[in-house]
Amino acid sequence: MDLMTNLMPAGAEIFMLAMACVILIADLLIKQSGRLVTYLLVQLTLLGCSLITVGTHENGIVYAFHNMFVDDLMSDVLKLLTYLAVSMMLVYSRQYLTVRGLFSGEFMVLAMFATLGMMVMISANHFLTLYLGLEVLSLSLYAMVALQRDSAVATEAAMKYFILGALASGLLLYGMSMLYGATGSLELGAVSSAIKSGAADKDLLVFGLVFVVSGLAFKLGVVPFHMWVPDVYHGAPTAMTMLIGSAPKLAAFAFVSRILVEGLQPLVQHWSGMLIILAIASMALGNITAIAQTNLKRMLAYSTIAHMGFLLLGLLSGGIEGYGTSMFYAVVYVLMSLGAFGMIMLLSREGFEADTLNDFKGLNQRSPWLAFLMLLLMFSMAGVPPTVGFYAKFSVLNSVVQAGHVWLAVVAVLLSLIGAFYYLRIVKLMYFDAPESHAPIDVGSDSAFLLSVNGLGVLLLGLLPGTLMSVCAVSVQQSLLLH
Amino acid sequence: MNFETIMFYVFAALIVFSALRVITAHNPVHAVLFLVLAFISSAGIWILLEAEFLAITLVLVYVGAVMVLFLFVVMMLDINLVRMREGIWRWLPFGAALAGLMAFEMIWVLGSSGTPAGKSAIKHAADYSNTKELGRLIYTEYVYPFEIAAVLLLVAMVAAIALTLRRRKDAKSQVVAEQVAVKKADRLRIVKMQAERKE
């Protein structure tokens, strides 16, 4: 095949890698006071990547590098949203990290490599590239969590994340090797057709599938593979928590849907049963345990577990609509979690983390606008209309009901009702309790502006969800090969 | 049962035995040595599969370099064996039950229809070069994952440096350039004073 036709679809990845190497070298020449230059370069790279992604878009599905790489509408949309999420993360965390002495070149370069890992995952069409993309992402995240070397909590979080992440990778690889043994191929399309032809050993396939689903569940952080999530979310510096909790969820959606929906579609009756158990357990444990938390980061970690359960509901209900709503849910969740962690960073200052519930007491008296934005974000996470969280939950439930699992939808609604309690408790603390401290809130104008856009976006998308919903539905329809 | 099959079972049994000893050995140094045995046995299986290059690389890189480093680290660590084994009896029943359950489930799935038939390895002629074929594949069909693997190593390097490099402010070190560029006026101060009178 011609070299250029191979390289063009992966233009954004190549640009990102080249710029990461350039910034890695250029940062050596920049003094600590001039870190802003590095920061702007990273933002420009993300902008450049989005231009390339849009520019190299072609209708239909393009394969490159011997079918290891796939460029389709879903991958382009998810990549653009990933750039946006990473860029927002950088804006939110600039001041927070500067104050803590973590605003270093390594942080930004590792964030770029993490983005590259996500891009590789999103565009992978082969078990090998899926796994390598995941490892590039995870390795960057482990290092970023540990960057705050003098903090015992952060080091402990990084250690737990690393060991459990390595275990999950092992499970995933073991499952993949089983699937390879059964089908004789690592390419998703070939795996799928080998299973359909009936030549593959069914027992070996199911055996591999169990390990693959366990590995995926570990990476998504759903019950019973969730143990690392609260500790890592709590222990990591909030900027790193925001990175872990936002953009990788988009890549994880692509990862799970490519493996299960594209590669293992013929085994759907096996994995949808597993996903039902994972989804119910996550929603139950996540929502109930979150009530007992006094630390907001820990509470949001349990809320992530519950949200990931909801994401699985969309996937297991199947069909274009199910996968479309699942993707919509992932996008909305990323938007909400960026806002919530952004709020924690905005209220934090030197030597002080605003990460307990008490820090939000009486926020309305200290800053009515921030309290209103937090109200919007919490309403959206709880699924209160007219915010977008309501619409996301509603559409997932709709596809679950259409798939014929009415009882599952009822359980999901009941569990989200339990979950609404702890989100609304924050609203109550902000509006009806007296503030514990009267320290002035010193906010950077860029992050405050972004937070306003983020909070209002949650409201606006809730009022007009049609565009984003149809983008998700169309991209899933044009991309996932539903055999 | 031909010779190759017998060798496979020998190596497989060695791997299982040494892997078990890695986690049960009292002395961490012994555990590392058993890990070396596990690697060498896996290399043996790879040789049986005609993957000579991979087998030799495994021995050279893992056994020769990585495990030796590992051995150094383990020998330097001051590990308190008594403290390490404190909780073992408390958690053993729970862990054993879980492991037993998993083993039972695996046997149940796999045992229901006999041994699953995976694809058997393809046999090649004696003049077939495994190394050449590997090199060809890595730079053609697998060039994309190969490059990503390289990125992975770069990330590991950046992470290792970022996490371990500490610039000590109180460290004493020579700055050769300054020493060379020094002038007489910087070091020598001529003080004019009156000759002292002998009392």
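Proteins get letters first, then strands, A, B, ... in listed order; numbering begins at 1 in each. FYI, side chains are in, hydrogens and waters are out, and symmetry mates aren't considered; it's all heavy atoms of this structure.
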Next item on the list: Could you tell me whether A/R258 and A/D72 have a side-chain N and a carboxylate O separated by less than 4.0 Å?
Entry: yes

Next item on the list: Side chain from CB out, backbone as N, CA, C, O: work out which of these in A/E106 comes under 4.5 Å of a heavy atom of chain B, or both, or neither.
Entry: side chain

Note to self: So, applying side chain to side chain contact (heavy atoms under 4.5 Å, CB included) with A/F255, which one of A/L137, A/I122, A/L172 is it?
What the structure shows: A/L172

Item checked: Atom group of A/L128 that falls short of 4.5 Å from chain B, counting heavy atoms -> side chain

Checklist line | Portion of B/L153 that has a non-hydrogen atom of chain A nearer than 4.5 angstrom | finding: neither

Item checked: Which of B/L163, B/T140, B/I161, B/I148 touches chain A most, by non-hydrogen pairs under 4.5 Å -> B/L163

Margin query: Has A/S151 got a side-chain atom pairing as donor or acceptor with A/Q148's backbone, closer than 3.5 angstrom?
Written below: no

Check: Taking A/F207, A/F113, A/F69 one by one, which has the highest count of heavy-atom pairs under 4.5 Å against chain B?
Finding: A/F207

Check: Which residue out of A/L116, A/V120, A/V109, A/N67 racks up the most heavy-atom pairs below 4.5 Å with chain B?
Finding: A/V120

Next item on the list: Using modelled atom types only, decide if a donor and an acceptor are shared between the side chain of A/S123 and the backbone of A/V70 within a distance under 3.5 Å.
Entry: yes

Margin query: Treating A/K219 as the side-chain partner and A/G165 as the backbone partner, does any N or O pair qualify as donor plus acceptor under 3.5 Å?
Written below: yes

Next item on the list: Sort out for me which residue in A/L209, A/L179, A/T183 forms a side chain to side chain contact (heavy atoms under 4.5 Å, CB included) with A/I195.
Entry: A/T183

Checklist line | A/L147 portion near chain B, given a 4.5 angstrom heavy-atom threshold | finding: both

